[in-house]
Chemist: 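Dumping the structure here so I can ask a few things about it.
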Amino acid sequence: MSNIRTRFAPSPTGFLHLGSARTALFNWAYARHHGGTFVLRIEDTDRERSTAESEAGLIEGLQWLGLDWDEGPFRQSDRADRHTAVIEQLLAEGKAYRCVCTRDELEDRKQAVLEAGGKWTYDGRCRDAGHGPDCGEHTVRLRLPEEGMLGWDDLVFGPSGQDASEIGDKIIRRSGGDPLFHLTVVVDDFDMGITHVIRGADHHPNTPFQIAIYEAMGAPLPHFAHVPLIVGPSGKKLSKRRDPVSIEAFREQGYLPEGLRNWLVRLGWSHGDDELFSREEIIEKFDLDGVGRASGQADPDKLAWVNQQHIKDAPLDTLMAGLEAQWPKHLDKAPEHDERLALAIDLNRERAKTLDEMASLCAVLLRDEVDLRSEASAKAVKKHLKVAALPLVESLYAALSKLDVEEWSESQLESVFEAVAAHHDNVKLGKIAQPVRVAVTGGPISPGIYETMIVIGRSRCLPRLERAIEVMRERAEQAG
RNA sequence: GUCCCCAUCGUCUAGUGGUUAGGACACCGGCCUUUCAAGCCGGCGACACGGGUUCGAGUCCCGUUGGGGAUGCCA
C-alpha cells in the first residue's frame, strides 16, 4: 500500500461526460496501479448550478464504468466551515484582503486597460486599503507575491509556471460569502492528503494561482498532472449539442462499460502497441509516463471496434443483463434467459458492435412471427425465394419433416441439406441455404444456416418453410 | 488582444540523434465462405512549413503557420 492519493472532483452541474469520465478513469487507474487511494469529492460550491440529480447521475456513471472509490463521496458544501476558517486565517495574516470593487467597476476598468492595449489583471485598488469586516459588501482576494515564480514540474507537461506578477489578486470568496473554486479545491486537496492532482489540461493555466494559495496556507504542493483535452470529431472542443458526450447516452446505445473504459483509456494514453485492455490490465499497465501532451479526437469507429472486441469475450450473464434494456426496441417482450437465448447471443458475438445491434440480431432469431409478405422482407423474398428454388425447398421440406425434434441437430441438418443438394445435380449449398434463410428468418442475413435453424427450432422452421413454398408457388403461377 | 500549451498516416498512437518511420481504427483489394460477420493476407496513407545545431534530425533550438486552453464574484 503506497500513500499515493488521487481524487476525482466533478461539479454536479450536468451528466458525467466523456472528458470527466476519462479524468476519473486516469485518477482511478493511477491510484489502483500504485496501490494508492482514490477519493471522490463533489464540488458543489456553485449552489446555483449544482443539482442532486446531477450528483446521482455522476455517481451512477462512475459505478457503471467500474471506477470504484475508496473514500467519499465528500461534498464541498459540507466543508464550508473549514473554507471559511482558512479564509479568515488568510485575512488575519494579511495574506488576503477585502475588496469592495463592484463587478461593474471592475468591468469598466478592465475594458479601459484592454482598449489601451494593456493586459488586465486585478489592478490592486483595494490591496492596501485595509478594509475591515464592516466595509459592506465585499469579496476577498488573495494577496499574491510581488514577484517570483509560481512553478511546478507537471507530470505530463514538464516544467511549468508563471511569474506571480503576471497573475493578479484573484477572488477567493464571493461577496455572498461562498468560497470560490480555487480556494476550495486547494483546501480540500490539502486536507484530504491528495498527493497527485490529475485533471484536465484546461486547469493548467489555473495552477499558478492555486500554488499561490498553497503557499499562503503554508501547505506543501501536491504533484500535478494535466491530461490533454478530448476534442470532438470536428476537431473542435466537445460540444454537448453536437457530440455524443454523455456516458449515459453511450450506455443506452449498448456500449459495454469494458468497451467504453478501454476506448477512453487509450485516448491520450498508450502502452506500446497495446490496444485492448481489461480492467485488470489497465490497473497493471497504466501510468502517467504513457500520457501524451496533444489533445485528441474521440473516434466513434474505434469505440465500436473496441466494444465489439469486449462483446466477443464478455460473460454470457453480463450480456444477458445488459440486453434487458435493449429488448423493448426490438421485441414485444423480452426473451427468457434460457438455452435458446444463450445460443442466439453466442452466435452473434462476432457480429454485434453494440448491445443494441446484438438485440437486433438476436431478435431475428427469437421472434415468434415471420411475415414474408411484409415490407421488411420484400426485397429478400424477391431475390431469394425465386421459382427456381422451389423444387429445392420442397425437397428439403419433405426431408426435414421426417426429422423429429431429437434429430434437429447441426449434423442431421447438414446431412439433409447435403442429400438434397446431391439429388439436385449437386447444386451449391448456397442455392438451398439462402432461400431457407429467408424463409425462416424473413431476411438475407443470419448466422450459419444450421445454427440459425436450431435456434429458431423445428416447430417454427417447418411452418415457415411451408409459407415460403406457398409464396414461391404463387410466383410460379403468376409467371405462367 | 494578452498569456500558456500542443503539432507523426483521415483518427488514436509507437518513436527519447542513425528506423525501409512501427501498430491499431477506418478505407480499398484478396483469401475463406451457404448470407452477414469474424478471421487471415495485402494495399492506401504521416513526421505542418522555414531556418539553424550536428557527420547525421520525426527526435534538439528559433521562427512561421495551424489547432487548443486560459483570461469569471463557473468549475
Side-chain angles (χ1 to χ4, degrees), chain A residues 9-13 20 43-46 48-50 76 99 101-103 106-107 110 113-115 117-121 137-141 154 157-158 160-163 166-168 170-182 184-185 199-208 226 228-229 231 233 235-237 263 266-276 290 292-306 308 312 347-353 361 380 384 417 421 428-438 441 443-450 452:
Chain A
S11 58
T13 56
S20 312
E43 310 224 322
D44 56 353
T45 50
D46 187 342
E48 290 185 7
R49 297 198 302 158
S50 299
Q76 280 194 325
C99 171
C101 300
T102 67
R103 290 174 220 252
L106 253 12
E107 185 58 27
K110 176 179 173 181
V113 170
L114 256 27
E115 278 163 29
K119 34 183 135 179
W120 168 262
T121 56
E137 184 168 299
H138 65 272
T139 59
V140 173
R141 290 179 184 272
D154 198 277
F157 286 91
S160 307
Q162 204 173 354
D163 196 87
E166 298 173 1
I167 298 174
K170 290 170 180 289
I171 296 172
I172 55 176
R173 187 172 77 189
R174 292 175 163 91
S175 54
D178 289 332
L180 244 22
F181 166 71
H182 290 303
T184 57
V185 76
R199 52 171 28 167
D202 48 339
H203 285 296
H204 191 265
N206 293 151
T207 308
H226 290 92
L229 265 21
V231 297
K236 303 288 182 188
K237 185 179 180 180
W263 179 59
R266 280 285 289 103
L267 248 176
W269 173 77
S270 64
H271 186 268
D273 287 338
D274 298 349
E275 294 289 351
L276 266 13
R293 288 166 299 281
S295 51
Q297 291 185 25
D299 179 10
D301 284 335
K302 185 72 169 271
L303 168 60
W305 177 80
V306 170
Q308 181 176 32
K312 278 190 195 174
L347 291 178
N348 284 313
R349 280 174 183 276
E350 293 181 339
R351 291 164 229 265
K353 290 178 161 48
L361 261 12
H384 297 291
F417 271 69
K428 290 205 168 191
L429 244 28
K431 295 285 185 189
I432 307 175
Q434 204 52 9
V436 171
R437 176 171 282 110
V438 174
T441 69
I445 297 170
S446 86
I449 192 64
Y450 310 133
T452 296

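In what follows, chains are A, B, ... by sequence order, proteins preceding strands, each numbered from 1.
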Chemist: Which whole-number value in Å describes the distance from A:D46 CG to B:C73 P?
Modeler: 13 Å

Chemist: Does A:Q308 reach the main-chain N or O of A:E350 with its side chain, forming a donor-acceptor pair under 3.5 Å?
Modeler: yes

Chemist: Is a donor-acceptor contact shorter than 3.5 angstrom present between the side chain of A:S295 and the base of B:C6?
Modeler: no

Chemist: Using both distances under 3.5 Å as the test, list the Watson-Crick or G-U wobble partner of B:U59, or none.
Modeler: none

Chemist: Using both distances under 3.5 Å as the test, list the Watson-Crick or G-U wobble partner of B:A48, or none.
Modeler: B:U64

Chemist: Rounding to a whole Å, what distance do you find between A:N206:CG and B:C4:P?
Modeler: 15 Å

Chemist: If you look at every strand shown and take non-hydrogen atoms under 4.0 Å, does A:R293 touch a base, only sugar-phosphate, or nothing?
Modeler: sugar-phosphate

Chemist: When both hydrogen-bonding distances must be under 3.5 Å and the geometry is Watson-Crick or G-U wobble, what is B:U71 paired with, if anything?
Modeler: B:G1

Chemist: Salt bridge or not between A:K302 and A:E275? Use side-chain N to carboxylate O under 4.0 Å.
Modeler: yes

Chemist: Answer yes if the side chains of A:S446 and A:T441 hold a donor-acceptor pair under 3.5 Å, and no otherwise.
Modeler: no

Chemist: CG of A:D44 versus P of B:C74: gap in Å, rounded?
Modeler: 15 Å

Chemist: Establish, with yes or no, whether the OP1 or OP2 oxygen of B:A75 is under 4.0 angstrom from a side-chain nitrogen or oxygen of A:T45.
Modeler: yes

Chemist: Tell me whether A:S50 contacts the main-chain N or O of A:E48 through its side chain, where contact means a donor paired with an acceptor under 3.5 Å.
Modeler: no

Chemist: If I take atom CG in residue A:L229 and atom C1' in nucleotide B:A75, what distance separates them, rounded to the nearest angstrom?
Modeler: 13 Å

Chemist: Using the P atoms only, state how far B:G23 lies from B:G15, rounded to an integer number of Å.
Modeler: 15 Å

Chemist: Categorize A:S270 for me: base, sugar-phosphate, or nothing, with a 4.0 angstrom heavy-atom threshold over every strand shown.
Modeler: sugar-phosphate

Chemist: With no hydrogens and no angle check, do the side chains of A:H226 and A:T207 hold a donor and an acceptor under 3.5 Å apart?
Modeler: yes

Chemist: Who is the Watson-Crick or G-U wobble partner of B:A21, with both distances under 3.5 Å?
Modeler: none

Chemist: Could you give the CD-to-P distance, from A:Q162 to B:U2, as a whole number of Å?
Modeler: 15 Å

Chemist: Could you give the distance from CZ (A:R174) to OG1 (A:T139), rounded to the nearest 0.5 Å?
Modeler: 11.5 Å

Chemist: When you match A:C101 and A:L114 each to their closest nucleotide on RNA chain B, which lands nearer the 5' end?
Modeler: A:L114

Chemist: Tell me whether the OP1 or OP2 atom of B:C73 has a side-chain N or O from A:R49 closer than 4.0 Å.
Modeler: no

Chemist: Looking only at non-hydrogen atoms, find the nearest pair between A:P208 and A:I167 and report the distance.
Modeler: CB-CD1, 3.5 Å

Chemist: Using the C1' atom on both, measure B:C73 against B:G68 and round to a whole Å.
Modeler: 27 Å

Chemist: Just checking A:L180: base, sugar-phosphate only, or nothing, at a heavy-atom cut-off of under 4.0 Å?
Modeler: sugar-phosphate

Chemist: Restricting to non-hydrogen atoms, name the atom on A:N348 and the atom on A:P447 that form the minimum distance, rounded to 0.1 Å.
Modeler: OD1-CG, 3.8 Å

Chemist: Check the phosphate of B:U71 against A:K170, side-chain N and O only, distance under 4.0 Å to OP1 or OP2. Yes or no?
Modeler: no

Chemist: Starting at CD of A:Q76 and ending at P of B:A75, how long is that distance when rounded to a whole Å?
Modeler: 8 Å

Chemist: Select from A:F157 and A:L106 the residue whose nearest nucleotide in RNA chain B is closer to the 5' end of that strand.
Modeler: A:F157

Chemist: Should B:G39 form a Watson-Crick or G-U wobble pair with both distances under 3.5 Å, which nucleotide is its partner?
Modeler: B:C31

Chemist: How far does the P atom of B:G50 sit from the matching atom of B:U65, given to the nearest Å?
Modeler: 15 Å

Chemist: Can you check each nucleotide of nucleotides 20-37 of chain B against protein heavy atoms at under 4.0 Å and return B for base, S for sugar-phosphate only, - for none, in 5' to 3' order?
Modeler: --BBBBS-------BBBB

Chemist: Round to the nearest Å and state the distance from A:Q297 atom CD to B:G66 atom C1'.
Modeler: 14 Å

Chemist: Could you tell me the separation between the CZ atom of A:R174 and the P atom of B:C74, rounded to a whole number of Å?
Modeler: 4 Å

Chemist: Applying a 4.0 Å non-hydrogen cut-off, can you work out what A:F181 is touching in the nucleic acid: base, sugar-phosphate, or nothing?
Modeler: base

Chemist: So A:E115, base contact, sugar-phosphate only, or nothing? Heavy-atom distance under 4.0 Å.
Modeler: nothing

Chemist: When the P atoms of B:G29 and B:C36 are compared, how many Å lie between them, rounded to an integer?
Modeler: 14 Å

Chemist: From B:A75, B:A38, B:C3, pick the nucleotide closest to the side chain of A:H203?
Modeler: B:A75

